[in-house]
2 protein chains.
Amino acid sequence: MHDLIRQAEALCQRSGMAFTAPRRRVLEILAASETPMKAYDLISKAGEGGQATKPPTVYRALDFLCQLGLVHRIEQDATFVACNHAGHSHPMALFVCNTCLKATEVAYDEVVPILEKAAEVQGFHLTRLVVEGRGQCRDCALAA
Amino acid sequence: MHDLIRQAEALCQRSGMAFTAPRRRVLEILAASETPMKAYDLISKAGEGGQATKPPTVYRALDFLCQLGLVHRIEQDATFVACNHAGHSHPMALFVCNTCLKATEVAYDEVVPILEKAAEVQGFHLTRLVVEGRGQCRDCALAA
DNA sequence: CCTAGTATGTTATTACATAACACTACCTAC
DNA sequence: GTAGGTAGTGTTATGTAATAACATACTAGG
Ligand SMILES: [Zn+2]
Ligand SMILES: [Zn+2]
Ligand SMILES: [Zn+2]
Ligand SMILES: [Zn+2]
């Protein structure tokens, strides 16, 4: 998980952006979490020990990290998860296990042109795509 | 748009469910709307004229209508839109125009097996799929 | 009637997210 | 150096989305 932090430092340096304390803190917490986290859990966690942390601080950090592709927002349930393809920009889907709540990240290049085409048939030009799912992950399937 | 109401009546009758006043009201408002609506706009709108309408009433109606497939929830921005394939149960994607905010509903059967397979490779078994997008719709493209 | 099932009404609360403004650090032009 | 711009944070307050919990009403079956 420390890889991700180093990844972030490098990425920021290259693009002339600051990897500041709150941004680092939020990313560290997310990277250490087994499952996607809700914003307010993140806010409490970030406030543990040090000074109290307020919503805008964390939301700003999340926006930043999401834009860099280091963190993904899961729209289905408004949670956030650290990326495990560190800095990828290829299309990916996030599948959340109903049992253990962990998220599985899956690349799906194949799908994009199909959806783009399907949209284009109706005259719709896609600029952003959200693909998410629910189901059962490998570990939970084996445990059953 | 009245088609949808009749559709709903028929669907409820067949499955022994009640198409009650609040459910009808919510569906009527959504069917009359050009664009997807936020829950609280729906709540205000439902309260116009008659008695005040409170959140749980509308959220319950929305849950009901979503389960029947008469309404879809757009996860990206927590809005709700009446289905225009009335009672379909095939997989569909919802693409929202950045300009006019209208939603375009697109069938995409092709995509499902690909995503299922991609998930299965990682041992993940899909039970629900959310496909959404953003972009520009036909009308707005022509206007530009 | 009575009661189980289904749905609504109402109050209160919880959870998610942002507006607005003050302040700091840093960089660059003059 | 110092004035002004940019980027980022801290803080207060508020806006927006969703649900918990419990009371009440309607309806069909025994
Ligand atoms: Zn990722
Ligand atoms: Zn699992
Ligand atoms: Zn539909
Ligand atoms: Zn449009």
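Throughout, a chain's letter reflects where its sequence line sits, starting with A, and its residues are numbered from 1.
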Distance-minimising heavy-atom pair for Ala61(A) and Pro22(A)
CB-O, 4.1 Å
Heavy atoms, side chains only, cut-off 4.5 Å: are Met92(A) and Leu94(A) in contact?
yes
Dot-bracket for DNA chain C, 5' to 3', with Watson-Crick and G-U pairs under 3.5 Å, [ ] for crossing pairs and | for other-strand pairs: what is it?
||||||||||||||||||||||||||||||
Both Gln51(B) and Asp63(A) contact DNA chain C. Taking the nearest nucleotide for each, which residue is further toward the 5' end?
Gln51(B)
Under 3.5 Å, N/O pairs linking protein and nucleotides 16-18 of chain D:
{"residue": "dA18(D)", "atom": "OP1", "partner": "Arg73(B)", "partner atom": "NH2", "Å": "2.2"}
{"residue": "dA18(D)", "atom": "OP2", "partner": "Tyr59(B)", "partner atom": "OH", "Å": "2.9"}
{"residue": "dA18(D)", "atom": "O5'", "partner": "Tyr59(B)", "partner atom": "OH", "Å": "3.4"}
{"residue": "dA18(D)", "atom": "N7", "partner": "Tyr40(B)", "partner atom": "OH", "Å": "2.6"}
{"residue": "dA18(D)", "atom": "N6", "partner": "Tyr40(B)", "partner atom": "OH", "Å": "3.3"}

Please report, rounded to the nearest Å, how far the P atom of dA15(C) is from the CD1 atom of Ile43(A).
12 Å
Step by step, work out the side chain to side chain donor-acceptor pair (under 3.5 Å) result for Glu105(A) and His72(A).
CA-CA 10 Å; Glu105(A) 195 169 337; His72(A) 305 303; 3.1 Å; yes
Distance-minimising heavy-atom pair for Thr35(B) and Cys100(B):
CG2-O, 3.5 Å
Are Val112(B) and Leu126(B) packed together at the side-chain level, in the sense that at least one heavy-atom pair is separated by less than 4.5 angstrom?
no
Can a donor-acceptor pair be found, under 3.5 Å and without considering hydrogens, that links the side chain of Glu132(A) to the backbone of Gln76(A)?
yes
Presence of salt bridge, Glu75(A) and Arg128(A), under 4.0 angstrom:
yes
Rounded to whole angstrom units, what separation is found between the NZ atom of Lys54(B) and the C1' atom of dA21(D)?
15 Å
Short side-chain N/O contact from Thr57(A) to OP1 or OP2 of dT9(D), under 4.0 Å
no
Do you know the tightest heavy-atom contact between Ala18(A) and Arg23(A)?
O-NH1, 2.7 Å
Check each residue of residues 15-27 of chain B for a non-hydrogen atom within less than 4.0 Å of any atom in DNA chain D, then write out the ones that pass by number, or none.
none
Linking I/L/V/M/F/W/Y whenever their side-chain heavy atoms sit closer than 4.5 Å, directly or via other members, would Phe80(B) and Val130(B) fall into one cluster?
no
Salt bridge flag under 4.0 Å for residues Arg73(B) and Asp63(B):
no
Flag the pair Arg6(B) and Asp3(B) as a salt bridge only when some basic side-chain nitrogen lies within less than 4.0 angstrom of an acidic carboxylate oxygen.
yes
d(CZ, Arg60(B); P, dG9(C)) in whole Å
8 Å
